[in-house]
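Written out below as structure tokens is the structure these notes cover.
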Number of protein chains: 4
Amino acid sequence: MVKKEIIEQAALKLIVERGLYDAPISLIAKEAQVPVGSVYTYYESKEILVNEIYRNAKRDMSQHVFASVPPDLPIKEEMAIYWVRAVRYGVSNPNAFYFMEQLTNSPHISPLSQEQVRGEFVRVFQVLEKGIETGEIKPLNVDLLHQLVYTNIIGIVKYLLASKMELDPTLEVHLFNCCWDTIKC
Amino acid sequence: MVKKEIIEQAALKLIVERGLYDAPISLIAKEAQVPVGSVYTYYESKEILVNEIYRNAKRDMSQHVFASVPPDLPIKEEMAIYWVRAVRYGVSNPNAFYFMEQLTNSPHISPLSQEQVRGEFVRVFQVLEKGIETGEIKPLNVDLLHQLVYTNIIGIVKYLLASKMELDPTLEVHLFNCCWDTIKC
Amino acid sequence: MVKKEIIEQAALKLIVERGLYDAPISLIAKEAQVPVGSVYTYYESKEILVNEIYRNAKRDMSQHVFASVPPDLPIKEEMAIYWVRAVRYGVSNPNAFYFMEQLTNSPHISPLSQEQVRGEFVRVFQVLEKGIETGEIKPLNVDLLHQLVYTNIIGIVKYLLASKMELDPTLEVHLFNCCWDTIKC
Amino acid sequence: MVKKEIIEQAALKLIVERGLYDAPISLIAKEAQVPVGSVYTYYESKEILVNEIYRNAKRDMSQHVFASVPPDLPIKEEMAIYWVRAVRYGVSNPNAFYFMEQLTNSPHISPLSQEQVRGEFVRVFQVLEKGIETGEIKPLNVDLLHQLVYTNIIGIVKYLLASKMELDPTLEVHLFNCCWDTIKC
DNA sequence: CATGAATGAGGGTTCATTCAT
DNA sequence: AATGAATGAACCCTCATTCAT
């Protein structure tokens, strides 16, 4: 792992554990076992570091979630794949998950970052729109539908992490059905 | 409004707008138009101030949500009443809503505060359990069901606040049905 | 005991135990079980309170030490009486003793207080001068002789308080002889 | 002189002149002509700074006092050497001397510092014990004897500093004899 | 490029003192 | 006279950022 990634991992961990302002650069540097100055070699400021971690986490998650799927899948099945991947990603990467949760809508993430991140998730909007057209999904605003799906995922991941419950395929199906029931027609 | 409430409102507003650490006591005092020292007349520390605002917001919300309902209502209707009240509360009190969202699960809210707050929401758990018994609600863990309902409300309130959409009774019914579909058998 | 004395006793105790600046007026008032404002009814400021305690302690000690003695005593015996009274006073009033020790020569005692206090101890200077004339005491500067006697007393009281040793008449004689040997011709 | 020493000298001077709590770090930094933050580069806290100055002053004094002496000196002569060195040290380093005086037995010096400091002065205790064995010194507790000698030195240095009197060899002999008479058999 | 000591603005908090009651 | 909530200057300390090495 290169120095930049080590710094980001250390920052991610400490910011989640201690909060953004109780994770000073000096502590992040110590955790990453790099000199303080090195952090500033790679990132102009703490704000830029945080935004970069945020965007990277979002991009990493979207790459996992939206990795290739068989073509011409029924909408429900495509949604199920994305949903399962998202939940698994959250459960497997709790730090990254909580980091995103903690900073979404916070004033520390720039509008530009938010904008860039949104682009990574266009596929969901497309699928939702298609679902509305085919009559499988409720004809609500897609932003709202997306919000419903996304908060559902957040709630489930938080629950799974808090209860330390194992996520077996049967449970996955049950829980995805909760989500699908929310938006299905 | 007494001085204590003015301080809490000012703190609530600034913490939501700027984040906890970009809302220094000096700024809160200026916003509330009280001297810095006065904040410490009412609150021993910033941490205690934040916890008190959090608990008050949660209590206020729960009192709105769980105000009296007609007896012997069907479960779905009782849930609907609570759900509608919660969403309306969030839409009408965006600062309080975002404050709670921002600080839930944060290290700045003491376990004791979390504990006290949880007690205010027992009624949902009771209704959910009853729903499971009557076969109307999916036989999942009630903590999980609660999480699903709660994140659904959060998603909807966030969407309504972001889109500045009016919340008319028709929309309420549609949106509650999304929530109910999530958990209904 | 009147309110003023209660306040002074509380202040004396706390200042000795915690240091002048870790004994805030609010704490002194609490210890004395009087309202904060009452302290300012009797003393214009903390500084004035401290100076008054200092002068009172010194006056009280000098009144004990220089209470009447049989007339025409030999110098050594008169010194012995004063010495014993001083040591006993220190051992019996450790708080007052440490208070005086802590604040002598401190910038918190005004020159005026120092001046007034000095007047209470003229008798020692007279006896020392007489002793020099009769050839019983070393012909050194009386301020120096006084300093020698005084620091000797301080050393002994501190030792007795620290070691919690009882001060019986035999020990008193031995220890006074140490002091007398210091200045005798 | 390196920056650390400059800070210590500035702190020493201001604390003696104004008292510990009227010598804020900001003033110490100004006196030392360093930024406030630099003080914290060298000392974790004001308390640690004060303890370090205290230990350094005590160590410095003990190194002067207990520098090598000719072997096999008679006890009185060895005591005389230490006594003279101590008095000269006090007269030549009034700030350090008053600093130690002001903080000995204060709650601001940690027990650990006191402990470390005590070890620097073992030689006096050894000499006093030897003197008791040879019958030259009164058979009193060595802590008490030490206290008597030490307070004698303090009294004399204070007197010399206050009276601005020169300390010539003849006076030294006279004054040491006062001290010796106090403890000799 | 790499480093980490140095910097100083700004944070939370305290407390002597006041003054409306 | 008695009270104690209110006040704000001043305290100690932190930490993002810089820059000489």
Side-chain angles (χ1 to χ4, degrees), chain A residues 3-4 7 11 20-30 33-50 108, chain B residues 2-4 7 11 18 20-30 32-50 108, chain C residues 3-4 7 11 20-30 33-50 108, chain D residues 2-4 7 11 20-30 32-50:
Chain A
K3 213 184 252 192
K4 222 181 157 188
I7 293 169
L20 182 56
Y21 281 82
D22 290 316
I25 294 287
S26 58
L27 193 66
I28 291 170
K30 187 183 281 181
Q33 290 181 290
V34 301
V36 174
S38 289
V39 177
Y40 284 87
T41 304
Y42 296 107
Y43 308 94
E44 277 179 50
S45 69
K46 189 178 182 181
E47 197 185 346
I48 285 173
L49 166 63
V50 167
H108 303 103
Chain B
V2 297
K3 214 182 255 195
K4 213 180 166 191
I7 293 169
R18 307 170 54 101
L20 183 55
Y21 282 83
D22 290 315
I25 294 286
S26 57
L27 194 66
I28 292 171
K30 188 180 282 179
Q33 290 181 288
V34 299
V36 174
S38 290
V39 177
Y40 286 89
T41 304
Y42 297 107
Y43 308 95
E44 281 179 45
S45 68
K46 188 178 182 181
E47 197 184 345
I48 286 173
L49 165 62
V50 167
H108 303 103
Chain C
K3 213 184 254 194
K4 221 181 157 189
I7 293 169
L20 182 55
Y21 280 82
D22 290 316
I25 294 286
S26 58
L27 193 67
I28 291 171
K30 186 182 281 181
Q33 291 182 288
V34 300
V36 174
S38 289
V39 177
Y40 284 87
T41 304
Y42 297 108
Y43 308 94
E44 277 180 48
S45 70
K46 189 177 182 182
E47 197 185 343
I48 286 173
L49 166 63
V50 167
H108 302 102
Chain D
V2 297
K3 214 182 254 194
K4 212 180 166 191
I7 293 169
L20 183 56
Y21 281 82
D22 289 316
I25 294 286
S26 57
L27 194 66
I28 291 172
K30 188 181 282 181
Q33 290 181 291
V34 300
V36 173
S38 291
V39 176
Y40 287 89
T41 304
Y42 297 106
Y43 308 94
E44 280 179 45
S45 68
K46 188 178 182 182
E47 196 185 345
I48 285 174
L49 166 62
V50 167

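Of the two residues contacting DNA chain F, namely C/V36 and D/Y21, the nearest-nucleotide position lying further toward the 5' end is that of C/V36. Between D/V34 and B/K46, the one whose closest nucleotide on DNA chain E sits nearer the 5' end is D/V34. Residue whose closest nucleotide on DNA chain F sits further toward the 5' end, between A/S26 and D/S45: D/S45.
Protein atom CD1 of B/I25 is 11 Å distant from nucleotide atom P of E/dG11, rounded to whole Å. Atom CG in B/L49 sits about 14 Å away from atom C1' in E/dT13, given to the nearest Å. In this structure, D/L20 places its CG atom 13 Å from P of F/dC11, rounding to the nearest Å. What separates CD of B/E47 from P of E/dG12 is a distance of 12 Å, to the nearest Å. Remark: P of E/dT7 and CD of D/Q33 are 12 Å apart, rounded to the nearest angstrom. For C/D22 and E/dA16, the CG to P distance is 10 Å, given to the nearest whole Å. Protein atom NZ of B/K30 is 10 Å distant from nucleotide atom P of E/dG11, rounded to whole Å. Distance NZ (A/K4) to P (E/dA2): 13 Å, rounded to an integer number of Å.
The NZ atom of B/K3 sits 5.0 Å away from atom OH of B/Y42, with the distance rounded to the nearest 0.5 Å.
Among F/dT14, E/dG12, E/dA16, the nucleotide with an atom closest to any side-chain atom of D/Y40 is F/dT14. Side-chain proximity of D/S38 to the nucleotides E/dT17, E/dA6, F/dC15 is greatest for E/dA6.
Pairing for F/dT21 goes to E/dA2, judged as Watson-Crick or G-U wobble with the two contacts each under 3.5 Å. A 3.5 Å limit on both hydrogen-bonding distances identifies E/dC15 as the Watson-Crick or G-U partner of F/dG8.
In terms of phosphate contacts, D/K3 brings a side-chain nitrogen or oxygen within less than 4.0 Å of OP1 or OP2 of E/dT7. The side chain of D/T41 contributes no N or O atom lying less than 4.0 Å from OP1 or OP2 of E/dA5.
Closest heavy-atom contact between D/I25 and D/L49: CD1-CD2, 4.3 Å. Shortest non-hydrogen contact noted between C/I28 and C/A23 is CD1-O, 3.5 Å.
A side-chain donor-acceptor contact under 3.5 Å links A/S45 to the backbone of A/I48.
Aromatic pair A/Y21/A/H108: centroids less than 6.0 angstrom apart.
Among the protein residues, B/Y42 comes within range of the sugar-phosphate backbone only, with heavy atoms under 4.0 Å from sugar or phosphate atoms but none that close to a base.
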